[in-house]
Amino acid sequence: MPNSKEFVINSKLDFLLNHANIGSYNKCEFIEIFGLDKEKKEAFNIYTLVVFENTRQLDIKELMTEKPKKFKGHKNLSWGIQRRIVDIDVAQTLYLQLLKNNQFIIDKPLEIGKVKLLQEQYVPPREDMYHEIQLNNILKNNFKNGSYIFEFFDEEKNNVKYLLDDPSLLNKLSEDISSIFPIKIGTASDRLGNIIFQLPINNFELNKYSILENNPMRYRGIKLEIFPRSETFYIQNLVARLYEENSDKIITRQRFISINDTVTNIDFDDCFGTNVELIDKNTSLLLYKCKFYIPKRIHSSTNIIENQNRVFKVNGNIHRLQVSTNSNNFVIGNKNSKSFDEWVRNRKYDQELKELEKTKSFIQYFGNEGEKAFNDVRELINKHGGQGVYLWDPYLSALDIKNTLYYCSTTYVQMKAISGLKQHNRKEQAKSDMIIEFEKDKKEFLFLNLEVRGKVGANGYDFHDRFLIFPLEQPRVWSLGISVNQLGGSHHILHKVQNAQHILNAFNKLWNELNNEECLVWNSN
């Protein structure tokens with residue numbers, strides 16, 4: 001007999017399968033993305049999805065990859081995809097194995113990391129164009145009503161570390177998998193090594209329609225049509241929760257509506273984004289969630305294609321471009337003012353300039369502010385550089401590095417710098433000058449872990465942007481706006497940038513391409 005803790009956890013899956021009345025299932029589809037380690041002679045889990053389905057398919061087991069596919073740069077590693085259609089008890093057995101013994105065995109053992117079962121999660125359907133849910137990229141066909149999932153999370157990820165450490169390798173794997181099975185594992189890299197059990201909510205069908213008034217022309221609300229697809233599903237068990245949430249995440253007009261019939265009309269009053277949730281009163285389970293937007297003002301225009309093309313020359317070549325005339329432009333709704341939610345949504349400034357300057361997220365320099373600019377950069381280095389600092393500048397010199405990275409107050413932090421060696425016309429001279437400057441100091445008194453590489457010959461590629469990069473678990477990156485040797489000397493903007501991970505990946509890619517003796521400028525070790 002299972003112990004009380006195991007029974008409680010296992011009963012969650014049993015409850016959703018057999019008692020919660022969220023779906024009808026007779027089979028399970030397994031999608032196993034696995035790796036093969038030739039040296040260890042073992043297969044390991046990259047990502048596994050177990051989907052409960054109501055299908056006429058018979059039990060099958062098939063390789064979706066004809067032969068193991070190689071990982072570039074890892075001669076002992078390869079990968080493949082296996083698909084199975086099995087009875088539900090196979091999935092239940094696997095669930096218990098994972099729960100009790102941290103094992104993945106169906107017919108042969110599959111090596112997994114140390115996994116932790118998370119609380120069951122409701123994943124809304126893939127239909128909201130304004131709020132994409134990343135997890136939908138690795139689930140199967142999560143449209144319509146959404147799904148519940150049980151996720152065994154690999155918190156160590158030792159088996160997939162080589163993918164997490166090499167973004168280009170992960171992107172290539174993700175693209176190759178997408179050509180075989182429609183998931184995008186590269187967009188949910190935190191789920192590598194995980195096993196997910198997906199239970200789609202399919203016990204009812206939901207149709208939604210906007211309620212439109214003709215005179216005056218405006219949207220009044222929505223009509224919900226709910227059709228049970230199971231004899232045990234009762235519409236009267238449902239209640240709709242409605243609430244509005246503006247761009248400031250402030251919730252207003254929350255209310256509950258009982259669902260008593262197949263068709264329910266829900267009026268919206270001055271809606272700028274109403275969330276609708278369907279909840280089962282008996283189980284308190286969320287069965288559907290989406291957000292509706294009611295347009296207050298509609299812009300429309302009509303263009304007429306001209307008979308005559310625009311004709312012009314570029315470098316002696318004649319170009320012809322089809323052009324049109326905007327002949328009709330009209331607005332439905334109030335033309336002279338914007339509603340309060342439009343003002344909120346289109347706020348010009350999210351933060352005051354002083355606050356941005358305080359956090360160093362946005363600072364503008366107007367010239368003759370070199371000391372301030374260097375102090376700001378040094379403050380960033382000491383605030384965020386505890387796990388490393390990277391500097392990327394095509395005109396970077398040894399003095400530039402001394403004026404920035406050398407001011408890091410933490411010893412032996414990993415520092416990397418890439419220079420385009422553009423200080424001189426001859427890159428050999430620029431490299432030599434940097435070495436001479438670095439060698440003026442005794443390494444044993446620097447307490448540095450610094451390596452500098454330069455763009456030499458055909459290695460790597462030319463670059464233009466200037467970045468200060470902090471390779472944290474969640475990376476932070478600042479654009480300098482100007483080369484280090486000109487900081488504060490003329491107008492430029494120091495600002496924190498978005499997509500920091502992608503910039504870090506780009507730095508690492510170039511860094512690896514410059515990994516040879518010719519490109520090594522100096523190393524403090």
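Just so it is clear, the structure is predicted and the values come from calculations on it, not from any experiment.
- A search for side-chain hydrogen bond (donor to acceptor under 3.5 Å, both in side chains) contacts involving N21 returns N203, T232, not counting sequence neighbours.
- Residues satisfying the ring-ring contact (aromatic ring centres under 6.0 Å, His included) test with F233, not counting sequence neighbours, are F204.
- In this view, F143 satisfies the ring-ring contact (aromatic ring centres under 6.0 Å, His included) rule with no residue, not counting sequence neighbours.
- In this view, F197 and Y95, F152 satisfy the ring-ring contact (aromatic ring centres under 6.0 Å, His included) rule, not counting sequence neighbours.
- Note on residues 77-89: pairs passing salt bridge (Lys or Arg N to Asp or Glu O under 4.0 Å), not counting sequence neighbours, are K27-D87, E29-R83, E32-R84, E62-R83, R84-D107.
- Every side-chain hydrogen bond (donor to acceptor under 3.5 Å, both in side chains) that N136 has, sequence neighbours left out, goes to N142.
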Return all side-chain donor-acceptor pairs below 3.5 angstrom for residues 75-82, not counting sequence neighbours, or 'none' if the list is empty.
none

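- Every residue two or more places apart in sequence or in another chain that forms a side-chain contact (heavy atoms from CB on, under 4.5 Å) with N54 is listed here: S24, N26.
- Qualifying salt bridge (charged side-chain N to carboxylate O under 4.0 Å, His left out) partners for E379, counting only residues two or more places apart in sequence or in other chains: K360.
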Report all side-chain donor-acceptor pairs from residues 456-465 shorter than 3.5 Å, counting only partners two or more places apart or in another chain.
residue: N459; atom: OD1; partner: N516; partner atom: ND2; Å: 2.9
residue: N459; atom: ND2; partner: V456; partner atom: O; Å: 2.8
residue: N459; atom: ND2; partner: E518; partner atom: OE1; Å: 3.0

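- Within the structure, every pair that satisfies the salt bridge (Lys or Arg N to Asp or Glu O under 4.0 Å) test and touches residues 175-185, not counting sequence neighbours, is listed here: K172-D176.
- Evaluation of the ring-ring contact (aromatic ring centres under 6.0 Å, His included) rule for Y390 yields F507 as partners, not counting sequence neighbours.
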